[in-house]
Amino acid sequence: MACLTLKATSYFTSSSETSIPSLPFKILKLPAFWPWQKLKVGPLSVSPMGFGTWAWGNQLLWGYQESMDSELQQVFNLAVDNGINLFDTADSYGTGRLNGKSEKLLGKFIREFQGQRRKDIVIATKFAAYPWRLTPGQFVNACNASLDRMQIEQIGIGQLHWSTANYAPLQERALWDGLVAMYDKGLVQAVGVSNYGPKQLLKIYEYLKARGVPLCSAQVQFSLLSVGEDQLEIKNICDSLGIRMIAYSPLGLGMLTGKYSPSNLPSGPRGFLFKQILPGLQPLLGSLKEIAQKRKKTVPQVAINWCISKGTIPIPGVKTVKQVEENLGALGWRLSSQELLQLEIAARESPQKMIQNIFQTE
C-alpha cells in the first residue's frame, strides 16, 4: 500500500566497518547503508532513520533563508534516493511569516521528485496544541490545513505536538478526540504523540485504544545528552505496548557533533545554550571521538547509531547535502555492547545534560 498520495497527479542487516566513501552518495547504486530494510510503525514501513525538518523555515534558531531552498531540495532528493522515506515536520515549523514553511517545502519536493520511491514516502507531521484549538473539529481543521500546505491527500503519521495536561487539562481531551476524528476520516494513516511523559503516554494509549485507534508512535527527546529515568521508562512502555519510539534531537541540537567547543560556539540562541553545557561534556565527547576513530566513523554517526542501537528511530535534522551524506553513514553497522556501555558510562560522568522540552509532561 502506498504511503503517500499526491493531489492531482527486525532491523536492518548489520554490516561491519562500513565507512563513508569519498564519492557523493547521490551516485551510489548499492544499499551501502541498508535503509532499504524497513521498520514497522503501525501500518507503515519506514527507514531505520528519518530526517527532521525543523530548520526548514526557522530563521531564529537555524538561520533559514529562502536562498537555501535549492539545496534543501537536493537534501530531500538525496535522502529518498538512498532509501530514507520518513520525514518529520510540524504545522508550527517556520518563524513569523514563514509559519508552515517546512510543510510547504516538503510538499513541493515530493511533487517534484522523479522516481518510483515517491509513493513510499511517509510524512509525519505534528499539530500544535495552540490555545485556540479547543474542539476536536478545530484540530481536524489543522490537519486539513497541513494537507493543503503539502498538497497531499493523506498524512502518514498525524501527531499531537505536545500535551496540555500541565496547564490546560480540559483542552487535552478535545485534542485526543481530534486525533480520533482525523484517523476515522482517513486523513492520517497512523496516530502518534510528541513530548509525552510516561503517565500521559499510558493515558492517551488507553483512551485511543478504547475508541479503536492504535497509538503507533511517541516522539521523545532522546540522545546520549538526554537519557534519564523518564526516557527509559517511556522506552519500556513503548516496547511493551507496541509503540514505536522516535528520537528527536539525537545530536543534542549539534552538541554531539564534535564540531563545537566553548571557544567555537554557534550563532544565535544555540550559542548561549552550548556555552552552558559544552564545558561539562568532555567525558562523553572524548568517548564518542575514540569510538569514531576506531570505527572509521564520525562523531555524529556514532551518536546516531547509539540511538538506533537502543531501539529508536532517530530523526536528525538536515539542511545541507553534507549533513545527509554524513548521517547516512550511521546506518549499516552496529555499536557493540561494550561500546554502548562505554558511551553510557561517559554520559553519566558528564555533569551537564540537555535541557528538557518545556512541554514535556510526566
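Atom set for the values below is all heavy atoms of this structure, side chains included, hydrogens, waters and symmetry mates excluded.
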Yes or no on salt bridge (charged side-chain N to carboxylate O under 4.0 Å, His left out) for Lys322 and Glu326, after CA distance, side-chain angles and deciding distance?
-> CA-CA 6 Å; Lys322 182 178 179 181; Glu326 184 167 30; over 6 Å; no
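- In this structure, Thr257 contributes its side chain and Gly254 its backbone to a donor-acceptor pair below 3.5 Å.
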Could you check Thr164 against Glu172 for side-chain hydrogen bond (donor to acceptor under 3.5 Å, both in side chains), going step by step and ending with a plain yes or no?
-> CA-CA 6 Å; Thr164 65; Glu172 182 96 334; 3.2 Å; yes
List the steps, then state whether side-chain contact (heavy atoms from CB on, under 4.5 Å) holds for Leu187 with Val140.
-> CA-CA 9 Å; Leu187 302 178; Val140 170; 3.9 Å; yes
Mind running side-chain contact (heavy atoms from CB on, under 4.5 Å) on Ser194 and Leu160 for me, showing each step along the way?
-> CA-CA 6 Å; Ser194 178; Leu160 176 52; over 6 Å; no
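- Remark: Glu206 does not engage Arg211 in a salt bridge, criterion side-chain N to carboxylate O under 4.0 Å.
- Residues Leu278 and Leu285 meet the side-chain proximity criterion, which asks for heavy atoms closer than 4.5 Å.
- Atom CD1 of residue Ile277 and atom NZ of residue Lys275 lie 13.5 Å apart, to the nearest 0.5 angstrom.
- When side chains are defined from C-beta on, Val193 counts as touching Leu215, because their heavy atoms get closer than 4.5 Å.
- Taking CD of Glu229 as the reference point, atom CD1 of Ile234 lies at 12.0 Å (rounded to 0.5 Å).
- Checked against the 6.0 Å centroid threshold, Trp56 and Phe109 count as a close aromatic pair.
- Within the 4.5 Å cutoff, the side chain of Leu72 has heavy atoms near those of the Lys319 side chain.
- Inter-residue side-chain proximity for Gln323 and Phe51 is flagged as unmet; no heavy-atom pair is nearer than 4.5 Å.
- A distance-only check finds no donor-acceptor pair linking the side chain of Arg244 to the backbone of Gly42 [under 3.5 Å].
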Tell me, with the steps shown, if Gln73 and Asn77 meet side-chain contact (heavy atoms from CB on, under 4.5 Å).
-> CA-CA 6 Å; Gln73 187 159 18; Asn77 291 344; 3.9 Å; yes
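- The two residues Ile243 and Ala218 come nearest to each other via the heavy atoms CG2-N, 3.7 Å.
- For the pair Thr312 (side chain) and Cys307 (backbone), a donor-acceptor distance under 3.5 Å is present.
- Atom CG of residue Asp69 and atom NZ of residue Lys104 lie 11.5 Å apart, to the nearest 0.5 angstrom.
- Between Ser249 and Ser223, the shortest heavy-atom distance links the atoms O-CB, 3.5 Å.
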List the steps and the verdict of side-chain contact (heavy atoms from CB on, under 4.5 Å) for Leu281 and Leu225.
-> CA-CA 9 Å; Leu281 291 188; Leu225 254 184; 3.4 Å; yes
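- The pair Glu112-Lys108 meets the salt-bridge criterion, since a charged nitrogen lies less than 4.0 angstrom from a carboxylate oxygen.
- Figure legend: cation-pi geometry between Arg117 and Phe113 absent, as NZ or CZ is not positioned both under 6.0 Å from the six-membered ring centre and within 45° of its axis.
- Scanning all heavy atoms of the two residues, the minimum distance from Ser350 to Leu284 falls at OG-N, 3.1 Å.
- Using modelled atom types, no side-chain atom of Asn264 and backbone atom of Tyr260 make a donor-acceptor pair closer than 3.5 Å.
- Between the side chain of Asn195 and the backbone N or O of His161, at least one donor-acceptor pair lies under 3.5 Å.
- The minimum heavy-atom distance linking Val75 with Val321 is given by the pair CG2-N, 3.6 Å.
- Between Phe76 atom CZ and Ile84 atom CD1 the span is 11.5 Å, to the nearest 0.5 Å.
- Among all heavy-atom pairs drawn from Pro136 and Asp177, the shortest one is CG-CB, 3.6 Å.
- Between Ser45 and Asn85, the shortest heavy-atom contact is O-ND2, 3.0 Å.
- Under the 4.5 Å side-chain criterion, counting only non-hydrogen atoms from C-beta, Met49 is in contact with Ile304.
- Between the side chains of Gln231 and Ser226, a donor-acceptor pair is found at a separation under 3.5 Å.
- To the nearest 0.5 Å, atom SG of residue Cys143 and atom CD of residue Gln154 are 9.5 Å apart.
- With rounding to the nearest 0.5 angstrom, the OG atom of Ser217 is 4.0 Å from the CD1 atom of Ile246.
- Centroid-to-centroid, the aromatic rings of Phe222 and Trp306 come within less than 6.0 Å.
- Counting heavy atoms from C-beta on, the side chains of Gln342 and Ile291 come closer than 4.5 Å.
- Listed by chain and number, the hydrophobic cluster partners of Leu341 are Ile345, where partners are ILVMFWY side chains within reach of under 4.5 Å, directly or through others.
- Ile155 has its side chain within reach of Ser146: a pair of non-hydrogen atoms, C-beta onward, lies under 4.5 Å apart.
- Using a 4.5 Å heavy-atom cutoff, the side chains of Leu105 and Thr53 are not in contact.
- Salt-bridge check for Arg295 with Glu339: passed, with a basic side-chain N closer than 4.0 Å to an acidic carboxylate O.
- Using a 4.0 Å cut-off between charged side-chain N and carboxylate O, Lys235 and Asp239 make a salt bridge.
- Within a 6.0 Å radius of NZ in Lys259, other residues, nucleotides and ligands contribute more than 12 heavy atoms.
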Please output the side-chain donor-acceptor pairs of residues 121-134 that fall under 3.5 Å, not counting sequence neighbours, one pair per line with the distance.
unit_1, atom_1, unit_2, atom_2, d
Thr125, OG1, Glu103, OE2, 2.6
Lys126, NZ, Asp88, OD1, 3.3
Lys126, NZ, Asp88, OD2, 2.5
Lys126, NZ, Thr89, O, 2.9
Lys126, NZ, Tyr93, OH, 3.1
Arg133, NH1, Asp91, OD2, 2.8
Arg133, NH1, Ala128, O, 2.9
Arg133, NH2, Asp91, OD2, 3.1

